[in-house]
There are 2 protein chains.
Amino acid sequence: MSEMKRPDVVGIGQCSYDILGRLQSFPQADQKTDLDEILLQGGGPIATALVTLSRFGTSTAFCGAVGDDEFGRKIEAGLRDEQVDCSGLKVEPGAASQTAFIAVDKDGLRTVFCHPGTTTPLEPKDLDHVLIRRSKILLLDGTHVEVACEAARIARANSVVTVLDGGSVRPGSAELLPLIDHLVVSEKFVGQLSPGKSPQDVSAHLLEYGATTAVVTCGAKGVWAQQRGDSLFHQSAFPVPVVDTTGCGDVFHGGYVYGLLQGWPLADIVRFASVCAALKARQLGGRSGIPNIDEVNSCPGSSCKCNFAGVV
Amino acid sequence: MSEMKRPDVVGIGQCSYDILGRLQSFPQADQKTDLDEILLQGGGPIATALVTLSRFGTSTAFCGAVGDDEFGRKIEAGLRDEQVDCSGLKVEPGAASQTAFIAVDKDGLRTVFCHPGTTTPLEPKDLDHVLIRRSKILLLDGTHVEVACEAARIARANSVVTVLDGGSVRPGSAELLPLIDHLVVSEKFVGQLSPGKSPQDVSAHLLEYGATTAVVTCGAKGVWAQQRGDSLFHQSAFPVPVVDTTGCGDVFHGGYVYGLLQGWPLADIVRFASVCAALKARQLGGRSGIPNIDEVNSCPGSSCKCNFAGVV
C-alpha cells in the first residue's frame, strides 16, 4: 500500500490483456480478412470497473493475479497508469496472464478468443485484511473464490458494502452469494442460476440470498433493478451509436459503485451506470471510451434526466 | 551496415508482427471461444525467409518498413535477434506496423485477421545500392514495387540472382516479373496471372517472362518446378503431423534460396525447401518451427532421399 493508504473501493477478480481488432464482417474459417484498426489495452471486469472509478476520482485498489510475462507487465502498467493501487496484484512466476483477441464488426458484434491464462487463484495468505477493513466498498466477480468469500466476510464484519459483478455462475457462487449486499448480475448469470425465468421475474429470487439490492443487466434491453422492500423497476439503455460493447458491463459496475459511494437512490445509481456504459460503447476497447464525469453529465441523454451535476 | 559488410542474401518486402492463437475449432460470429495457447512473434514472407536462412548460417539483410510503434520495435528486435541485418529497415514516424491475429484450429486450418499497417512503401532514395551489388541473391515479394524493380535492375547488372516469392499478383508485378531469375510463386499467384490454367500448365507461361526457373507451390499438394530447357517435375509435400502452416511458404523460400547458394540442382533445391517447409508445420507460429540444418538432414524423410549432408 505505497500509493494510497485507504482506497475507497477494493476489487478482487479478473484482469486481462485485450487485443481488439475492428473489421467489417466476421470471416468464415480458413479465410483472410483485413482489420481496419488494432488496439491493445488492459481489460477484465473488475480491473476495468476500477479504472472507471479511478477516472471519476475514486481511490481504488485491485487484487488479482497475472503471470510474469509481457501481458502481465502490460496489465499492471495499465492499472498503475490509471492510479489503481496494485499492491494486491500477485505476479506468478512462470504463469501466463489472461489474454483475449476480440474481433468487433461494423455492427458492434463481438467474437472473443480468450486465453484464460495459467495463473492460480489467490490464496487466503495473499489477502490484505487491513485493505478490506478500511475500504468502503468491496467489488467481486466470483473468481479467486476462496479469497473472495474471506474478503466478503471481513467486509461484512466491518460495514464494508459488498457488490458482485456476476457474469456467469462459477464454482463457489453458492457460498459467495449470501455474503453480497448488491447483486449486480448479467442476464446470462440469472439464466444459469434460475433457468427458464426472465430477468424481471428473478430479482425476488436474487434478494432471497440476503442482498439488499438485485440488479440484472440485459445489454441493449436495459436493466431491471429492485431494492428489498421496494418495487422492481426497469431502466432503458441509452441509445448511442455503438462501436464496441467490450467493457460496457464493467463500466456499468464502475458507475454503479460510484453512485453507491455518493449515497444516491437506486434509480439514480442505475441511470448513472447506464449512461456510463452507453458512452463507453462509442469507442473500440474496454477502456478507451470510459467517460469522465463531465461527459456523463453533458451526455445527450441529459434531457432524459441523466444530468447528475445536481446530485453530485 | 554495422553488423556485417556483405550479406549473401538481401530481402526486400513485408514484415509483420503475428499474434497466433491455437484453438479447437473456429467460432461463429458473436461467440466466445477459448484459446489453448497464444504466441507472439515476427512474421512476413521475406522476413521469415531471411530468418530461415540466418538459422542455416547464411548472412542476410532485410529492407522494409515498420511504424515507430510497439509492433515495429518487436519486428525489428525479432530480426536482430536472428542476426538479420536491419540497416535497411525504415522506421516511419507515426505509422502503424503490419500486424495479424492468426487463429489456428486443431486441424491446422488458419483464419487470418490482418491489419496491413499504414507504412508507405520504400522509395528509391531508401535503397542501399552497395548492399544489393555485393550480395549473391536478392529476394523479393513484389511489395515496395518501385524499389523492388530498382533493386532487381541493380542485381541484374551485377550478376546477383533474383528470386520472387509471389504470393499474389500486385500492382507493378508486370514490370517486376521480367527482372526475376527464379519465379517461386504460389498456386494463388498463378491463378491470378493465368486464370483457368492448372499449376502444371503454367510453368511454361512463367518462363516466358524471362526467368530461368519457374516453381509453383501448392501447399499439401506439393510443388511443380521447371528449369528453362528442362522438363516440368513434381515434388510431393513431406507428410508431417501439421500443427500450423503459418510461414511454411516463407520457410520454403528460405530453403530454396539456401539451396541456390549451395549450387544444388533444382530437384535437390526443391526437395530441400519442401522438407524445410514441412518441418516448420510441426509447431505454432511462422518461426518457432523453422528447422536447423541437422533437423533437415535427420528428418524422417531421409529415406525419401532428403538427406543433404553429402550435398552440403
Side-chain angles (χ1 to χ4, degrees), chain A residues 16-41 43 67 69-74 77-78 95-118 167-168 186 188 219-220 244-246 284, chain B residues 16-41 43 67 69-74 77-78 95-118 167-168 186 188 219-220 244-246 284:
Chain A
S16 166
Y17 200 69
D18 293 348
I19 301 157
L20 299 122
R22 197 165 53 77
L23 41 73
Q24 290 301 302
S25 62
F26 192 75
Q28 300 286 316
D30 205 23
Q31 287 187 345
K32 186 177 173 185
T33 191
D34 268 0
L35 297 176
D36 299 324
E37 182 184 356
I38 194 160
L39 177 71
L40 286 78
Q41 61 184 218
D69 54 4
E70 186 178 340
F71 292 128
R73 287 186 289 276
K74 286 174 180 295
S97 304
Q98 185 176 321
T99 323
F101 174 74
I102 305 170
V104 182
D105 80 5
K106 65 180 189 309
D107 300 317
L109 208 71
R110 295 173 352 114
T111 312
V112 180
F113 302 77
C114 179
H115 182 47
T118 61
S168 54
S186 70
K188 179 182 169 194
D244 178 19
T245 58
T246 302
L284 186 68
Chain B
S16 165
Y17 200 68
D18 293 347
I19 302 157
L20 298 122
R22 197 165 53 77
L23 42 73
Q24 289 301 302
S25 62
F26 191 74
Q28 300 285 316
D30 206 23
Q31 288 187 344
K32 186 178 172 184
T33 191
D34 268 0
L35 297 176
D36 299 324
E37 182 183 356
I38 194 160
L39 176 71
L40 286 79
Q41 62 183 219
D69 54 3
E70 185 178 340
F71 292 129
R73 286 187 289 276
K74 286 174 179 295
S97 304
Q98 186 176 322
T99 323
F101 173 74
I102 305 170
V104 182
D105 80 5
K106 65 180 189 308
D107 301 317
L109 207 71
R110 294 172 352 115
T111 312
V112 180
F113 302 76
C114 179
H115 181 48
T118 61
S168 54
S186 71
K188 179 182 170 194
D244 177 18
T245 58
T246 302
L284 185 68

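From a predicted model like this one, the values you see are computed outputs, not experimental measurements. The analysis underlying the following values was restricted to heavy atoms, covering all of them including side chains, and did not include hydrogens, waters or symmetry mates. Within every chain, numbering begins at 1; the chains are lettered A, B, ... in the order of the sequence lines, protein sequences first and strands thereafter.
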(request) Please round to the nearest 0.5 Å and tell me the distance separating atom CD of B/Gln28 and atom CD of A/Gln28. (result) 7.0 Å
(request) Would you check if A/Phe101 and B/Ile19 make a side-chain contact, meaning some heavy-atom pair closer than 4.5 Å? (result) no
(message) If I take atom CG from residue B/Leu23 and atom NE2 from residue A/His115, how far apart are they, to the nearest 0.5 angstrom?
(response) 12.0 Å
(request) Using the side-chain contact (heavy atoms from CB on, under 4.5 Å) rule, pick out the option among A/Val112, A/Asp107, A/Leu109 that qualifies with B/Asp30. (result) A/Leu109
(message) Can you confirm whether A/Thr111 sits close enough to B/Phe26 that some side-chain heavy atom of one is under 4.5 Å from a side-chain heavy atom of the other?
(response) no
(request) Please look at A/Glu70 and chain B and tell me whether the side chain, the backbone, both or neither of the residue comes under 4.5 angstrom of a heavy atom of that chain. (result) side chain
(request) For chain A, find which of B/Asp105, B/Asp34, B/Thr33, B/Leu35 contributes the most heavy-atom pairs closer than 4.5 angstrom. (result) B/Leu35
(message) What part of A/Thr99 gets within 4.5 angstrom of chain B, counting heavy atoms only: side chain, backbone, both, or neither?
(response) side chain
(message) Using heavy-atom distances under 4.5 Å, tell me whether A/Ala103 contacts chain B through its side chain, its backbone, both, or neither.
(response) side chain
(message) I need the A/Ile38 CD1 to B/Gln98 CD distance, nearest 0.5 Å.
(response) 11.0 Å
(request) Go through the atoms of B/Ala100 and report whether side chain, backbone, both or neither lie under 4.5 Å from a heavy atom of chain A. (result) neither
(request) Measure distances from A/Asp36 to the heavy atoms of chain B and classify the residue's part below 4.5 Å as side chain, backbone, both or neither. (result) backbone
(message) Given heavy-atom pairs under 4.5 angstrom as the criterion, report whether the side chain, backbone, both or neither of A/Leu40 touches chain B.
(response) side chain
(request) Between chain B and each of A/Gly117, A/Gly21, A/Pro116, count heavy-atom pairs under 4.5 Å; write down the option with the most. (result) A/Pro116
